[in-house]
Amino acid sequence: MNRASTPVTLTLPDGKQRSFPGPVTGAELAAAIGPGLAKAAAVIRVDGKLRDLSAPIDRDADVAIITRDSPEALEVLRHDAAHVLAEAAKELYPDVQVTFGPATESGFYYDFARDEPFTPEDLAKLEARMHEIVERDEPITREVWSRDDAVAFFKSIGETYKAEWIGEIPADEEISIYKQGRFVDLCTGPHLPSTGKLGQAFKLTKVAGAYWRGDARNAQLQRVYGTAWANAKDLDRYLLMLEEAEKRDHRRLGRELDLFHQQEEAVGSVFWHPKGWTLWRIIENYLRRRLDEEGYVEVRTPQLLDRSLWEASGHWEKFRENMFIAQSADERVLALKPMNCPGHVQIFRQGLKSYRDLPLRIAEFGSCHRNEPSGALHGIMRVRAFTQDDAHIFCTEDQVTAESIAFCNLLRSVYRDFGFEDVAVKFSDRPAVRAGTDAIWDKAEAGLKAAVEAARLPYTMNPGEGAFYGPKLEFVLRDAIGRDWQCGTLQLDFVLPERLDASYIGEDGQRHRPVMLHRAIFGSMERFIAILIEQHAGKFPLWLAPVQLVIATITSDADDYARRVFAAAEAAGLRAQLDLANEKINYKVREHSLAKIPVMLVLGKREAENGTVALRRLGGKEQEILELDDAIARLTAESAGPCG
RNA sequence: GCCGACGUAGCUCAGGGGUAGAGCAACUGAUUCGUAAUCAGUAGGUCCGCGGUUCAAAUCCGCGCGUCGGCACCA
């Protein structure tokens, strides 16, 4: 290579330029700028793309040295951690095959093929060996190999998964190989210059099974998860955050706050306790009012429906594995509804519908059963018996866009009322196998896109993931430890009206097919309440709190007055509890604070004599002395919630 | 459904072939107290279930069930 051939001018982020007589590496550039930078450098960004520090730059470019402590370097660092894990695994367990190991949002993982499972003790050994490999500070180098050489090499060392993978890399892509110590891996990079740069702020967290290439028909590999950070402080902060998140877990808070429970005899179902059910009713009634205002009509449809209807709708063919089937004494086969749509179509079909009836928005808090795989169950986030805040909007094609916009705005407003400002929205467009003409799909996708944009909801594309009958929007919320859950949805459906023969009489006097908009805001009441619990860590705002205030006495001399205060609170419609227990006020404050009751009215002799209350807010240090009527009026106003 | 871990009092957990343990909660009594734990006493168990090994199983083995963490699935 003739490195001196072409001069190279590099432009740094501050606009300064550096010229070199020929190709230059990031490491050389950093060294030219200063020894401090050379030491801190992790990778280099060249015209927007991250590259190894050792990669020669042979033409003019905008560049930036990325130091180890920058957010951009973190992903590279985590990817390195995955490689170090793989190297450790090969050293300790020569029989393992390494397959795939990327960085993740908070760390990394590596999938290994090995007959024997990794134990928690193995994890400790792997982690110790990783620390050694970092100590060794092995240089990480990149090479480009020919496809045949690479396949032959990986086959020769028994790495059949890697060999299989190389065979499927597109022909126009380079096969890049990274080496560190005796470890050789197929990888696109970029990587840090040496294992020492990784540092020691990492930790292996768990082992789990994972299918090769994410396909359940393939072999199951062992995935070792870890987390990695630029320094020990960040690592500690992350581990602490996980600990804190555990305390927000809806399953834990559900028990601690006496909201609900689940038990073996009803796997995947929820026993709602009085307090949990109070919360449910508040939320349901809130949404009911919102839907009333939006021109929905509410209905109730049967739980058990005859097989013939499910055959007509297509569920018997497409969804049967997930359905609970029941048989009556007269041998009829019925199924518990997994969805509400067919039932709503039956209501639509009663009587003749005119274009003047459209859009017809049929809503139901529909109780559904789906036989979900056992491994999918998760607290009340993923259950087998759940209630959808479901509705189907029957409309003309021309009404689709306006209805979609109205729905997005409603959803956004509802989410805001519950404290969810940043909702991830996924737009799933036409799948390869689909029903309906391209013209209809064009229209449907354009309508949905207009809706999500008009509602000013940022969204990401989810290409090819739409339902076979139409595109869909998914509204995703996060739980306490960052897992995503789909809640709201909006789907366009051109198929079901056809299959279940729904029609209306148009202006022209002819029969037409309506379009069905399938939509939910919470998705499932159970899931939404679970997310809500985690979002608020059980400390609900006053309008949602199952118990809004506790009236607690300091001495029994105040008991009679406390009863009067309690009666006044109840008369005002507040959800109050009376605590006359023979305990010190410290104890009562602690007890009700742990129960996350938003407000305490503390009553002693002074309050009883003056007709006042000492109002204390959850977590607050201050107390406020108020006239009784004033306190009740204030709390009542505050309890009204976003919907009056 | 698959891989792994786990299952002991209401909760959190200890114990690990031979009387079932602690703290908190519960109950009873004393205490009347000013904003996050008053003191004393009492009661509480099919050690997830079924089978096996053993003189003896909560403990060891097998099979189920459930939960947890992932993977797959999620209209």
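Just so we're on the same page: letters track the sequence lines, and every chain starts at 1. We use all heavy atoms of the structure for the numbers below, so side chains are in, but hydrogens, waters and symmetry mates are not. Given the structure is predicted, the values throughout are model-derived calculations rather than measurements.
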NA contact type, [X], heavy-atom cut-off 4.0 Å: base, sugar-phosphate, or nothing?
| X | result |
| --- | --- |
| A:G466 | nothing |
| A:K206 | sugar-phosphate |
| A:E624 | nothing |

Given the 90°-from-0 boundary between syn and anti, B:U67 should be labelled anti
Which nucleotide, in any strand shown, forms a Watson-Crick or G-U wobble pair with [N], with both distances under 3.5 Å?
| N | answer |
| --- | --- |
| B:A9 | none |
| B:C50 | B:G62 |
| B:G1 | B:C71 |
| B:A30 | B:U38 |
| B:U19 | none |
| B:A57 | none |

Measure distances between side-chain N and O atoms of A:Y211 and base N and O atoms of B:G1, and say whether any donor-acceptor pair falls under 3.5 Å.
-> yes
Has the side chain of A:E321 got a donor or acceptor that lies under 3.5 Å from a partner of the other kind on the base of B:G1?
-> no
Check whether any side-chain N or O of [X] sits under 3.5 Å from a backbone N or O of [Y] as a donor-acceptor pair, and report yes or no.
| X | Y | value |
| --- | --- | --- |
| A:T489 | A:L473 | yes |
| A:R590 | A:L594 | no |
| A:E127 | A:K203 | no |

Rounded to whole angstrom units, what separation is found between the [atom1] atom of [X] and the [atom2] atom of [N]?
| X | N | atom1 | atom2 | result |
| --- | --- | --- | --- | --- |
| A:E583 | B:A30 | CD | P | 14 Å |
| A:F118 | B:G69 | CZ | C1' | 17 Å |
| A:R223 | B:C71 | CZ | P | 6 Å |
| A:N322 | B:G1 | CG | P | 13 Å |
| A:D479 | B:G70 | CG | P | 9 Å |
| A:Q262 | B:C65 | CD | P | 18 Å |
| A:Q263 | B:G10 | CD | C1' | 14 Å |
| A:E474 | B:C73 | CD | C1' | 14 Å |

Separation between the [atom1] atoms of [N] and [M], rounded to whole Å:
| N | M | atom1 | answer |
| --- | --- | --- | --- |
| B:G16 | B:G1 | C1' | 34 Å |
| B:U38 | B:C60 | P | 41 Å |
| B:A56 | B:C73 | C1' | 48 Å |
| B:C6 | B:U59 | P | 15 Å |
| B:A58 | B:C48 | C1' | 11 Å |
| B:A43 | B:G10 | C1' | 13 Å |
| B:G44 | B:G23 | C1' | 15 Å |
| B:C11 | B:A26 | C1' | 12 Å |

Check whether any side-chain N or O of [X] sits under 4.0 Å from OP1 or OP2 of [N], and answer yes or no.
| X | N | answer |
| --- | --- | --- |
| A:Y587 | B:C33 | no |
| A:R255 | B:U12 | yes |
| A:K605 | B:C33 | yes |
| A:H592 | B:U35 | no |
| A:S374 | B:G1 | yes |

5' precedence on RNA chain B between A:L377 and A:I554 (nearest-nucleotide basis) | A:I554
Residue whose closest nucleotide on RNA chain B lies nearer the 5' end, A:T489 versus A:R483 = A:R483
Which nucleotide wins on minimum distance to the side chain of [X], given the candidates [options]?
| X | options | answer |
| --- | --- | --- |
| A:V589 | B:C71, B:A36, B:U32 | B:A36 |
| A:L594 | B:A36, B:G1, B:G70 | B:A36 |
| A:R251 | B:U32, B:G1, B:C68 | B:C68 |
| A:S593 | B:C73, B:G69, B:A36 | B:A36 |
| A:N586 | B:A36, B:C71, B:G66 | B:A36 |
| A:R382 | B:G66, B:C74, B:C71 | B:C74 |
| A:I585 | B:G34, B:A72, B:G66 | B:G34 |
| A:P373 | B:G70, B:C73, B:A36 | B:C73 |

Quiz question: by atom type and distance under 3.5 Å, do the side chains of [X] and [Y] form a donor-acceptor pair?
| X | Y | result |
| --- | --- | --- |
| A:T119 | A:D122 | yes |
| A:N340 | A:D390 | yes |
| A:D111 | A:W212 | no |
| A:Q346 | A:T301 | no |

Describe, in one word, how the ring planes of A:Y110 and A:F112 are oriented to each other, choosing from parallel (under 30°), tilted (30 to 60°) and perpendicular (over 60°).
-> parallel
Ring geometry between A:F407 and A:F475 (parallel below 30°, tilted from 30 to 60°, perpendicular above 60°) | perpendicular
Mark yes or no: A:K596 above the aromatic ring of A:F540, with NZ or CZ under 6.0 Å from the six-membered ring centre and no more than 45 degrees from the axis.
-> no
Let me see the working for A:Y109 and A:Y225 under ring pair (Phe, Tyr, Trp, His ring centres under 6.0 Å), right down to the final yes or no.
-> CA-CA 4 Å; A:Y109 66 78; A:Y225 281 93; 5.5 Å; yes
Which of residues 214-222 of chain A have a heavy atom under 4.0 Å from RNA chain B?
-> A:G214, A:A216, A:Q220
